[in-house]
Amino acid sequence: MLNLDGLEVIAVLLVMGLFIKVLEQFGMFEPVGGEDSVEDDFELSTVCHRPESMDKLQEQTKFTKKELQVLYRGFKNECPSGVVNEENFKNIYSQFFPQGDSSMYAHFLFEAFDTNKNGSVSFEDFVFGLSIILRGTINDRLNWAFNLYDLNKDGCITKEEMLDIMKSIYDMMGKYTYPTMQDDAPREHVESFFQKMDRNKDGVVTIDEFIESCKKDENIMQSMQLFDNVI
C-alpha cells in the first residue's frame with residue numbers, strides 16, 4: 001500500500017522514486033562484471049541511433065564509464081533501436097502498474113526526458129536526466145522536478161498543472177493507496193501544496209518558491225538522500 005498522506009509535498013520524490021523502481025525492475029542497476037568496454041557495445045549494436053562516445057558522456061554527466069556501461073546495456077535491452085518513443089515509454093510503465101492507468105504519468109515523465117522535443121528519448125537524453133536525479137545537487141534535482149510540473153514551461157506551476165500531476169499519480173497508484181482515495185483527494189492535495197509553496201499567495205508557484213519551500217521541508221531533504229549512490 002502507498003500512503004498518500006502528504007502527497008502534495010512528496011510528489012517530487014514519488015516521481016523520481018517510481019521511475020527508479022521501474023529501472024530496477026528492468027535490471028538497469030545490476031552490476032556488470034569484467035572489464036568489457038561499453039564502447040564495444042556501441043560499435044557492435046545495430047541501432048537507429050548510436051550514442052556519443054563514452055568519454056564525452058562521462059564528461060557531460062556524473063557517471064563513471066562502468067556506470068554508463070550498466071545503464072547502456074539495460075537501455076539497449078529494452079530499446080534495441082537506441083531510442084524510445086512515448087508509446088514505448090507508456091508500455092514500459094503499464095507493465096509495472098497494471099492496477100491503474102499510468103499513461104498520463106508516463107507522458108509527463110517522457111516529456112521531462114525528451115529535452116529536444118523531438119518525440120523520442122535517446123540514451124544521451126536518458127543519462128542526462130538520470131544524472132541529475134541521482135547525482136545532481138539538491139538544487140539540480142528540484143529544478144528538474146519543477147520543470148516536470150511546469151507543464152507549459154512558462155516558469156511557474158499553476159493549480160491546474162499540479163492537479164494534472166496529482167491525478168496522474170492517483171490514476172497510476174489508485175488501488176494501492178491508503179487510505180482509499182476519494183474523488184476530490186487530488187484537488188485537496190493541490191490546495192495543501194499551494195498553501196505550503198505559494199509563499200506570496202499570487203496563485204502560482206515560482207521556481208524560487210518551490211526550491212525554498214522544499215529545502216525547508218525536513219522530510220523532503222531526508223528523502224532526497226535516498227537517491228544517492230543508487231548505482
Side-chain angles (χ1 to χ4, degrees), residues 4 6-20 60-62 84-86 89-90 93 102-122 124-172 184-228:
L4 291 183
L7 176 60
E8 66 281 353
V9 173
I10 64 169
V12 55
L13 305 175
L14 279 170
V15 168
M16 295 180 180
L18 292 175
F19 177 63
I20 298 303
Q60 295 174 331
T61 68
K62 297 184 179 180
V84 56
N85 60 31
E86 185 170 341
F89 204 80
K90 288 180 177 179
Y93 261 85
S102 62
S103 60
M104 189 55 66
Y105 175 92
H107 166 73
F108 293 142
L109 199 56
F110 181 86
E111 289 283 297
F113 277 91
D114 181 18
T115 54
N116 294 323
K117 304 306 175 189
N118 59 4
S120 64
V121 172
S122 65
E124 292 95 328
D125 296 330
F126 171 71
V127 293
F128 292 159
L130 202 59
S131 177
I132 293 173
I133 295 172
L134 297 182
R135 299 288 168 79
T137 64
I138 293 297
N139 275 16
D140 290 338
R141 296 175 186 182
L142 292 177
N143 268 288
W144 188 91
F146 181 89
N147 182 65
L148 173 68
Y149 298 153
D150 180 14
L151 300 181
N152 66 358
K153 313 307 177 192
D154 66 350
C156 61
I157 302 172
T158 65
K159 288 186 178 181
E160 290 75 17
E161 288 172 324
M162 200 65 204
L163 183 60
D164 286 343
I165 294 289
M166 292 295 179
K167 283 181 176 178
S168 74
I169 294 175
Y170 269 88
D171 287 345
M172 181 169 61
D184 59 350
R187 191 170 296 278
E188 290 177 0
H189 280 300
V190 170
E191 291 300 326
S192 182
F193 175 91
F194 269 76
Q195 286 177 14
K196 296 174 182 178
M197 300 278 181
D198 183 12
R199 307 184 79 81
N200 65 357
K201 307 303 178 187
D202 65 349
V204 297
V205 175
T206 65
I207 181 64
D208 291 336
E209 289 175 322
F210 182 78
I211 291 178
E212 182 181 354
S213 298
C214 287
K215 283 186 171 181
K216 288 182 177 179
D217 190 288
E218 207 171 295
N219 291 328
I220 290 181
M221 290 300 96
Q222 290 178 351
S223 299
M224 280 285 183
Q225 297 174 6
L226 298 177
F227 300 103
D228 295 334

Please round to the nearest 0.5 Å and tell me the distance separating atom [atom1] of [X] and atom [atom2] of [Y].
{"X": "I207", "Y": "L142", "atom1": "CD1", "atom2": "CG", "answer": "7.5 Å"}
{"X": "I138", "Y": "C214", "atom1": "CD1", "atom2": "SG", "answer": "9.5 Å"}
{"X": "T115", "Y": "N147", "atom1": "OG1", "atom2": "CG", "answer": "9.5 Å"}

Worked verdict on M162 versus L151 for side-chain contact (heavy atoms from CB on, under 4.5 Å):
CA-CA 9 Å; M162 200 65 204; L151 300 181; over 6 Å; no
Run the side-chain contact (heavy atoms from CB on, under 4.5 Å) check on I157 and F146 step by step: do they pass?
CA-CA 8 Å; I157 302 172; F146 181 89; 3.4 Å; yes
Under the rule for salt bridge (charged side-chain N to carboxylate O under 4.0 Å, His left out), what residues qualify as partners of [X], not counting sequence neighbours?
{"X": "E191", "answer": "K159"}
{"X": "K167", "answer": "none"}
{"X": "K216", "answer": "E212"}
{"X": "E209", "answer": "none"}

Taking [Y]'s backbone N and O only, do any of them form a donor-acceptor pair with [X]'s side chain (distance below 3.5 Å, no angle check)?
{"X": "D140", "Y": "T137", "result": "yes"}
{"X": "E161", "Y": "N152", "result": "yes"}
{"X": "K90", "Y": "M104", "result": "no"}
{"X": "D198", "Y": "G203", "result": "yes"}
{"X": "S131", "Y": "K62", "result": "yes"}
{"X": "D114", "Y": "N118", "result": "yes"}
{"X": "R141", "Y": "L134", "result": "yes"}

Quick one, S213 and M197 - any side-chain contact, counting heavy atoms below 4.5 Å?
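They are in contact (side-chain heavy atoms under 4.5 Å apart), so the answer is yes.
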Are any non-hydrogen side-chain atoms of D208 and R199 less than 4.5 angstrom apart?
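D208 vs R199: side chains apart.
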Look at the rings of F193 and Y149 and say which category their plane angle falls in: under 30° parallel, 30 to 60° tilted, over 60° perpendicular.
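Perpendicular, since the angle between the ring planes exceeds 60°.
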Please assess Y105 against L109 for the test side-chain contact (heavy atoms from CB on, under 4.5 Å), listing each intermediate value before the final yes or no.
CA-CA 6 Å; Y105 175 92; L109 199 56; 4.2 Å; yes
Counterpart residues, side-chain contact (heavy atoms from CB on, under 4.5 Å), relative to S102 (two or more places apart)
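S102 satisfies side-chain contact (heavy atoms from CB on, under 4.5 Å) with Y93, S94, F97, M172 once adjacent residues are dropped.
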side-chain contact (heavy atoms from CB on, under 4.5 Å) between E111 and L148, intermediate numbers included:
CA-CA 8 Å; E111 289 283 297; L148 173 68; over 6 Å; no
For this output row, return yes or no: ring centroids of F113 and W144 closer than 6.0 angstrom.
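Here the rings of W144 and F113 have centres that are less than 6.0 Å from each other.
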Between S168 and D171, does the side-chain hydrogen bond (donor to acceptor under 3.5 Å, both in side chains) criterion hold? Intermediate values first, please.
CA-CA 5 Å; S168 74; D171 287 345; over 6 Å; no
Once ring pair (Phe, Tyr, Trp, His ring centres under 6.0 Å) is applied, do any residues pair with F110, and if so which ones, sequence neighbours excluded?
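Expected list: F89.
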Closest heavy-atom pair and its distance - S120, D125:
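Reported closest heavy-atom pair: O-OD2, 3.6 Å.
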If I compare all heavy atoms of F108 with all of I165, which pair ends up nearest, and what's the gap?
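Distance-wise, the nearest heavy atoms are CD1-CD1, 3.6 Å.
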